[in-house]
Amino acid sequence: MAGTESGGTESGATESGGTESGGTESGGTAAAAAAASSPRRPARADARRNRARLLTAARDAFAAQPGTASMDAIARRAGVGIGTLYRHFPTREALVEALYATELDTVVACAPGLLAELEPAQALRAWMNRYAEFFEIKRTVYETLRAGWATGSIATPTTRERITSTIDLMLRAGAEAGTLRSDIDPGDVTLMLLGVFHSTAVTDSPERVATLLDLVLDALRPGKGPKG
């Protein structure tokens, strides 16, 4: 995953976000090599902020240019120099891996908060929207992910297991509240959601996705199954 920030300045600019000279995409190899050889120190607050800005910029850049956004463009969008980007993410694969892992962590971690704010069926429906966003982000970087998984340069994640465990948490809460069926295999719900996302990728509107997710939730309500 991403390396931590080394101290000092770059081309006369501090890590807190000044400009850097000569930060072109063609200079990325040299910047990445320098980053790899720099001594590692605990990440400072400004380094953590820059890392978060880079991940946000990468997400937005890949959404605008799926699979083709350049490292230069991502650095510019984040408002940092190319050297800062390469110190955090020495390769494009490292950046994509970090983005994917961060978004997966977010979609999993938001479930308890939704359950605390909403009744379980409503919480599950709100979580489905967040999962749809994660799937769309994954789609924009999928070619890089697939190549990295094939070569081993990107670790194979436990996405399906974590998503299914999150659905299980929400189904259990709904069964206890009486708003969701108690006879549902969470793995089946994962497959239903993936079916919605794959079948509507690229061509269908967000409104159609929302309609299909409503139908999935309706199927999970008491009275809809043989044991309902």
Any idea which heavy atoms bring [X] and [Y] closest together, and the distance?
| X | Y | value |
| --- | --- | --- |
| A219 | M192 | CB-CE, 4.4 Å |
| T140 | A63 | CG2-CA, 4.1 Å |
| A61 | I74 | CB-CG1, 3.8 Å |
| L180 | A121 | CD2-CB, 4.0 Å |

D188 meets the salt bridge (Lys or Arg N to Asp or Glu O under 4.0 Å) criterion, sequence neighbours left out, with none
By salt bridge (Lys or Arg N to Asp or Glu O under 4.0 Å), E93 pairs with (sequence neighbours left out) none
Practice prompt. Please confirm whether the backbone N or O of E161 pairs with a side-chain atom of T164, one donor and one acceptor, at under 3.5 Å?
Written response: no
- Taking atom types as modelled, find out whether Y100 and T159 have a side-chain donor-acceptor pair closer than 3.5 angstrom. yes
Any side-chain heavy atom of [X] within less than 4.5 Å of one from [Y]?
| X | Y | answer |
| --- | --- | --- |
| V209 | L213 | yes |
| L55 | L95 | yes |
| L115 | W127 | no |
| F62 | L99 | yes |

Residues pairing under side chain to side chain donor-acceptor pair (under 3.5 Å) where one sits in residues 147-156, two or more places apart or in two chains, turn out to be T151-S153
Report the C-alpha distance between R221 and R181 in whole Å, list the side-chain angles of each, state the deciding distance to 0.1 Å, and finish with yes or no for side-chain contact (heavy atoms from CB on, under 4.5 Å).
CA-CA 5 Å; R221 293 186 183 278; R181 290 167 54 184; 5.8 Å; no
What is the distance from atom [atom1] of [X] to atom [atom2] of [Y], rounded to the nearest 0.5 Å?
| X | Y | atom1 | atom2 | value |
| --- | --- | --- | --- | --- |
| L104 | I137 | CG | CD1 | 11.0 Å |
| L85 | D72 | CG | CG | 8.5 Å |
| R87 | I82 | CZ | CD1 | 11.5 Å |
| H88 | R53 | NE2 | CZ | 10.0 Å |
| N129 | R125 | CG | CZ | 4.5 Å |
| L54 | R51 | CG | CZ | 9.0 Å |

Contacts of F135 meeting ring pair (Phe, Tyr, Trp, His ring centres under 6.0 Å) (sequence neighbours excluded), chain-then-number -> F197, H198
message: Show, in sequence, the C-alpha distance, side-chain angles and deciding distance for F89 and E97, and conclude whether the side-chain contact (heavy atoms from CB on, under 4.5 Å) test is met.
response: CA-CA 9 Å; F89 308 109; E97 182 178 24; over 6 Å; no
Distance-only check: which donor-acceptor pairs under 3.5 Å involve side-chain atoms of residues 169-179, not counting sequence neighbours?
| unit_1 | atom_1 | unit_2 | atom_2 | d |
| --- | --- | --- | --- | --- |
| R172 | NE | D168 | OD1 | 3.4 |
| R172 | NE | D168 | OD2 | 2.9 |
| T179 | OG1 | E119 | OE1 | 3.2 |

Point to revise | Ion pair check, E103 and R130, cut-off under 4.0 Å | key: yes
*Would you sort out whether T91 and V96 count as a side-chain contact (heavy atoms from CB on, under 4.5 Å), showing the intermediate values?*
CA-CA 9 Å; T91 65; V96 168; over 6 Å; no
- Would L191 and F134 show up in the same hydrophobic cluster when neighbours are defined by side-chain heavy atoms closer than 4.5 Å? no
side-chain contact (heavy atoms from CB on, under 4.5 Å) filter on R139, not counting sequence neighbours, yields E136, A201, V202
Which of I184, L220, L193 passes side-chain contact (heavy atoms from CB on, under 4.5 Å) with I167? It is L193
Paired with L124, the side-chain contact (heavy atoms from CB on, under 4.5 Å) test is passed by just one of L217, V216, T166, namely L217
- Message: Atom CZ of residue position R162 - does it have more than 12 heavy atoms of other residues, nucleotides or ligands inside 6.0 Å?
- Response: yes
_With side-chain contact (heavy atoms from CB on, under 4.5 Å) as the criterion, how do L194 and Y131 come out once you've worked through the C-alpha distance, each side chain's angles and the decisive distance to 0.1 Å?_
CA-CA 10 Å; L194 289 174; Y131 184 28; 3.3 Å; yes
